[in-house]
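Throughout, residue positions are numbered sequentially from 1 according to the sequence presented. Keep in mind that what you see is a predicted model, and the values were worked out from it rather than measured. Scope of the values below: all heavy atoms of this structure, side chains included, with no hydrogens, waters or symmetry mates.
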Amino acid sequence: MMLLLNTSKVEVSSFLLIGIPGLEYMHIWISIPLCLIYVMAILGNCTILCVISTEPSLKEPMYYFLSMLALSDLGLSFSSIPTMLRIFLFNSTEISADACIAQEFFIHGFTDMESSVLLIMSFDRFVAIRYPLRYSSILTSSRVGHIGLVFAVKSILLVLPLPFTLKRLRYCHKQLLSHSYCLHQDVMKLACSDNRVNFYYGLFVALCMMSDSMFIVVSYVFILKTVLGIASHGEQLKALNTCVSHICAVLIFYVPIITLAVMHRFAKHKSPLAMILIADAFLLVPPLMNPIVYCVKTRQIREKVLEKLGLKRQRETLHFPCRKLC
């Protein structure tokens with residue numbers, strides 16, 4: 001299981017992932033909802049991308065940013081859920097060291113990208129509410145593209161050192177990881193060499209992502225200040241209603257991360273099962289729920305999706321005779 005390199009380091013050729021401890025006999029049944037979540041996440045986000053790319057009426061900054069969110073969710077799904085399905089379906093817990101390190105790079109990269117997109121979307125909502133008449137001139141298509149490209153490059157460069165810092169470590173006999181997928185901090189703990197560089201850089205990456213959440217809070221402080229300055233109560237509710245989908249997406253993404261961080265730091269008697277379930281929810285819930293939230297709460301998206309599915313026309317056809325009789 002171990003390969004001696006031309007240096008004095010020893011590289012473990014594989015690691016062992018875990019499913020849900022104590023529920024191994026139910027893994028095959030757990031794989032069924034997991035498969036459904038995977039399929040629904042892919043279909044939902046691909047539907048969002050298809051509708052926005054083909055509908056001229058949705059060529060607005062808000063929907064471009066929603067496309068970026070859908071791409072981030074697809075990246076999270078593709079980089080994590082297949083490994084989890086392999087564990088629950090086939091009890092295949094072994095993963096090569098290189099595959100594990102590559103997986104943690106993509107998971108952390110797409111996580112940071114989603115965090116960045118949520119931050120950009122909060123700025124988009126602020127501009128839309130604070131400067132409604134100048135919204136299109138401030139956030140032009142080219143400017144939106146440049147913003148998306150800059151944040152995508154930032155996410156890649158931020159997590160790029162992580163796999164290289166893991167590769168330089170020496171791994172001894174410990175191989176068992178704590179989750180159903182590979183994370184930087186989880187792999188780092190298995191090293192028997194000095195991992196201080198990994199610890200401090202991993203902390204820096206985590207703080208960068210947490211800073212996104214702080215800037216989102218600041219954005220909503222300015223949004224609330226702007227909304228409260230609107231005279232009409234109806235217009236205040238209308239302005240806040242445009243932020244509901246984004247607020248839901250922020251809560252769906254950050255609540256599991258913050259809960260997991262608090263449990264790691266402050267819980268004295270933390271349940272391993274609870275930790276694993278929250279960690280799994282962190283990767284499973286956002287790709288599944290974001291398309292649902294935006295389809296339900298955003299009228300333009302909902303109407304276009306129904307049109308694509310042919311349901312809106314059928315519903316109008318069914319309701320038309322009733323209106324005519326009335």
Output side-chain donor-acceptor pairs under 3.5 Å for residues 121-131, partner residues at least two apart or in another chain, one line each.
from: Ser122; atom 1: OG; to: Leu119; atom 2: O; distance (Å): 2.5
from: Ser122; atom 1: OG; to: Ser219; atom 2: OG; distance (Å): 3.4
from: Asp124; atom 1: OD1; to: Tyr135; atom 2: OH; distance (Å): 2.4

Query raised in the report: Is the backbone of Leu237 close enough, under 3.5 Å, to the side chain of Asn241 for a donor and an acceptor to pair up by distance?
Result: no
Interatomic distance, OG1@Thr83 vs CG@Leu17, rounded to 0.5 Å, equals 7.0 Å
Lys154 meets the salt bridge (Lys or Arg N to Asp or Glu O under 4.0 Å) criterion, sequence neighbours left out, with Asp112
| Whether Asn195 side chain and Leu169 backbone form a donor-acceptor pair below 3.5 Å | no
Inset, instruction - Could you check if a side-chain atom of Leu16 sits within less than 4.5 angstrom of a side-chain atom of Leu177, using non-hydrogen atoms only? - result: no
Close side-chain approach of Phe282 and Thr111, heavy atoms under 4.5 Å: yes
In this structure, NE2 of His184 is separated from OG1 of Thr165 (nearest 0.5 Å) by 4.0 Å
Quick note, side-chain hydrogen bond (donor to acceptor under 3.5 Å, both in side chains) partners involving residues 272-286, not counting sequence neighbours, are none
Quiz item: Backbone N or O of Leu76 within a donor-acceptor pair of the Ser79 side chain at under 3.5 Å?
Solution: yes
With a 4.5 Å cut-off on side-chain heavy atoms, are Phe204 and Leu158 touching?
yes
Residues 202-218 vs side-chain hydrogen bond (donor to acceptor under 3.5 Å, both in side chains), sequence neighbours excluded, gives Ser115-Asp212
d(Leu273 CG, Leu23 CG) to nearest 0.5 Å is 6.0 Å
Non-hydrogen side-chain atoms of Ser245 and Val296 separated by less than 4.5 Å
no
Below 4.5 Å, heavy atoms only, C-beta onward: do Val159 and Met113 meet side chain to side chain?
no
Is the ring pair Phe106/Phe110 parallel, tilted or perpendicular, if the boundaries are 30 and 60 degrees? parallel
query: Is a side-chain donor or acceptor of Thr140 paired with a backbone partner of Ser137 at a separation under 3.5 angstrom?
result: no
Residue set satisfying disulfide bond (SG atoms under 2.5 Å apart) with Cys192, at least two apart, ordered chain then number -> Cys172
Rounding to 0.5 Å, atoms SG (Cys100) and CD (Gln175) come to a distance of 11.0 Å
inquiry  = Does any part of the side chain of Ile223, heavy atoms only, come nearer than 4.5 Å to the side chain of Cys243, both counted from C-beta?
reply    = yes
To the nearest 0.5 Å, atom CG of Leu85 lies from atom OG of Ser92 at 12.0 Å
Is the backbone N or O of Gly22 less than 3.5 Å from a side-chain atom of Glu24, with the two atoms forming a donor-acceptor pair by type? yes
Practice task
Mark yes when over 12 heavy atoms from residues, nucleotides or ligands other than Lys59 sit less than 6.0 Å from its NZ; otherwise mark no.
Solution key: yes
Shortest non-hydrogen pair, Ile18 vs Leu176, comes out as CG2-CD1, 3.4 Å
Sorted by chain and residue number, the salt bridge (Lys or Arg N to Asp or Glu O under 4.0 Å) partners of Glu55 (sequence neighbours excluded) come out as Lys304, Lys308
Contact check, side chains of Ile257 and Met210, non-hydrogen atoms, under 4.5 Å | yes
dist Leu306:CG -> Arg302:CZ (nearest 0.5 Å) comes out at 7.5 Å
Beyond-backbone contact of Leu66 with Ile301, side-chain heavy atoms, under 4.5 angstrom: yes
Intermediate values then yes/no, side-chain contact (heavy atoms from CB on, under 4.5 Å), Val117 and Phe151
CA-CA 8 Å; Val117 172; Phe151 276 90; over 6 Å; no
Over 60° means perpendicular and under 30° means parallel, so tell me whether His246 and Tyr220 are parallel, tilted or perpendicular. parallel
